[in-house]
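Everything numeric in this text was worked out from a predicted model, so none of it was measured. The first residue in the sequence is number 1, and the count goes up from there.
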Amino acid sequence: MLDTPRPRTRSGGRSARRAARSAPVFDMLPGLERNIPVCEVMDGSQVERIHNASMDILENVGVQFRDPIALEDWKRIGAKVVGELVYLDRALVMDLISTIPADFTYNARDPKKNVRLGGKHSIFVPMTGAPFLRDLDDVRRNPTLDDLAMFHKLAHMSPALHSSAHHIVEPYDHPISQRHLQITYSSMKYSDKTFMGMTTSPKNAEDVMDMCAILFGDDFIENNPVTTGNCNGNSPLVWDETMLGAMRAFCKRNQPVLCSPFVLGGANTPASVAASVAQLNAEALSALAYTQVIRRGAPAIYGHYLSTVSMKSGAPMAGTPEISLMNFMIGQMARFYDVPWRTSNTLGGAKTFDAQAGYESATTLSAVIHAGANYIWHSAGWNEAGMHCSVAKFIVDTEQCAMAYRMAQGPNWDDFDAALAAVPDVGPGGHYLGHPHTQDNFQTAFFMPELFDNNSIEQWVAEGSVETTERALNRARKLLQDYEEPKLDIAKDEELRDYIARREREIPASDELNQEY
């Protein structure tokens with residue numbers, strides 16, 4: 001006699017709920033709205049002291065603008081120009097920076113991934129510019145365009161990252177003169193988050209603007225930020241023709257730029273935290289002011305790259321206490337001027353993903369969160385002073401950013417009364433593991449890292465003694481297996497490809513930046 005199957009009274013049950021809980025979630029976290037106090041290490045008189053010192057530098061030392069167009073622009077609005085030196089009156093500087101928006105919204109290809117920047121609103125952005133990578137086998141080598149696509153896919157699938165950036169690694173299998181086109185297309189194709197735009201030459205920046213216009217529409221980008229350019233200063237007190245030309249390309253199209261002095265404390269700034277900040281502040285303000293000479297009201301971001309220099313070797317260092325102090329101070333200065341600001345995150349000087357890399361990165365991450373940074377760049381992958389992007393570190397860094405995101409949101413009071421009601425239920429000597437409130441909230445009450453092992457050593461050994469690097473690489477492989485491309489609109493994709501093909505015909509393939517075509 002055959003058994004009669006029992007009718008199913010419910011779908012799935014406990015096993016289905018368990019499977020749903022363990023299913024991977026790749027949804028991007030909304031832009032971070034910080035709800036914890038900022039760390040301010042200066043009182044009001046010290047902020048004024050830095051401000052006045054910076055203004056004295058601008059008025060009496062001057063800033064070198066190595067660009068004839070910029071020099072004519074400054075002359076046109078009445079600045080004192082002597083040769084390539086521009087002397088900026090403090091009233092002029094303050095008038096110009098007063099028109100920089102205090103906050104704005106980045107528009108992504110997927111509107112659900114738009115993010116606000118400025119004030120209490122922050123975003124995490126992965127590292128860029130690495131000439132090497134440590135790959136899925138933890139081998140250090142030259143990157144290719146496929147490696148760049150891999151990182152853009154990982155950025156797309158990392159909930160705490162709000163951008164796909166641009167050249168996370170340098171694709172050596174494409175000519176330098178044409179590389180910016182493929183980098184921009186990769187940023188657009190493999191993720192629908194906001195991205196960065198190449199500023200390696202003015203012509204390259206114009207190409208990026210054209211590609212953004214294809215993707216979003218000319219009229220749209222005229223009124224809506226969709227990408228970010230970075231313009232590095234040459235400390236001390238120099239802005240060059242390449243960066244200023246790229247800045248004009250972005251600002252004229254109403255797209256934000258990071259005005260970023262490149263600080264090597266003790267080498268290109270004084271060997272003093274406070275004096276370094278005063279010089280950096282002057283450099284950043286001179287560039288921020290110039291963005292408003294180009295176009296009043298254009299969004300711009302107070303930027304910097306911070307490092308201190310080893311007095312033993314001259315090598316840049318990461319994670320030092322002075323870098324944290326400078327971040328706290330620069331945060332105060334940016335808020336004094338009411339402009340959004342950028343800093344660098346999870347930086348490491350270690351050659352492998354070891355304890356040094358972890359300590360340096362954690363120190364910097366904590367500082368930039370408590371400093372109130374808005375555009376939190378280099379948030380995943382950076383190691384060896386930026387010489388390589390590590391896949392393993394990239395994955396762990398993104399989880400660290402998710403943990404920092406949770407902390408910066410501040411305590412959640414929504415379930416306070418319900419949770420407190422569990423105390424008399426359990427009473428002295430009991431435990432909460434089986435209580436209904438715990439059962440309802442165990443997934444969200446406390447952050448549970450996936451990449452750290454908190455089990456007993458016996459269980460860890462039984463499961464293969466897998467250490468953090470291997471665990472992170474396994475996670476990366478799984479993410480790439482699960483990746484689903486957010487398809488571009490077919491017509492826009494064809495137009496982008498046609499544009500790239502035309503520009504590659506027009507720009508000679510060479511190992512030099514495209515400055516002419």
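- In summary, the side chains of Ser235 and Glu283 do present a donor paired with an acceptor at a separation below 3.5 Å, with no hydrogens or angles considered.
- Screening Thr227, Asp218, Val208 for a side-chain contact (heavy atoms from CB on, under 4.5 Å) involving Arg253 leaves a single residue, Asp218.
- Other residues, nucleotides and ligands contribute at most 12 non-hydrogen atoms within 6.0 Å of the NZ atom of Lys120.
- Under 3.5 Å, the side chains of Asn281 and Tyr337 contain a donor-acceptor pair of N or O atoms.
- Residues Arg497 and Glu494 are not paired through a salt bridge, judged by the lack of any N-O separation under 4.0 Å between the basic side chain and the carboxylate.
- Surrounding OH of Tyr517 are at most 12 heavy atoms belonging to other residues, nucleotides or ligands under 6.0 Å away.
- Using a 4.0 Å cut-off between charged side-chain N and carboxylate O, Glu222 and Arg295 make a salt bridge.
- Between Gln279 and Thr269, the side chains place no donor N or O within less than 3.5 Å of an acceptor N or O (distance only, hydrogens not considered).
- Remark: Asp219 CG is loosely packed, at most 12 non-hydrogen atoms of other residues, nucleotides or ligands lying under 6.0 Å away.
- Remark: Arg342 fails to qualify as a cation-pi partner of Tyr305 under the 6.0 Å distance and 45° angle criteria applied to the six-membered ring.
- More than 12 heavy atoms of other residues, nucleotides or ligands lie within 6.0 Å of CZ in Arg296, so this atom counts as buried by the packing criterion.
- Electrostatic pairing of Arg503 and Glu506 counts as a salt bridge here, judged by a charged N lying under 4.0 Å from a carboxylate O.
- Only one option out of Leu117, Val257, Val339 pairs with Ile301 in a side-chain contact (heavy atoms from CB on, under 4.5 Å); it is Leu117.
- Under 4.0 Å is where a charged nitrogen must lie from a carboxylate oxygen, and between Asp210 and Arg502 no such pair does.
- Between His152 and Phe195, the distance from one ring center to the other does not fall under 6.0 angstrom.
- Between Lys203 and Glu516, none of the side-chain N atoms (NZ, or NE/NH1/NH2) sits under 4.0 Å from a carboxylate O, so this pair counts as no salt bridge.
- By the 6.0 Å contact criterion, CD on Glu512 is open, its count of non-hydrogen atoms from other residues, nucleotides or ligands being 12 or less.
- Partner of Asn345 under the side-chain contact (heavy atoms from CB on, under 4.5 Å) criterion, chosen from Val125, Val368, Ile369: Val368.
- No salt bridge links Arg134 with Glu384; every basic N to acidic carboxylate O contact stays at or beyond 4.0 Å.
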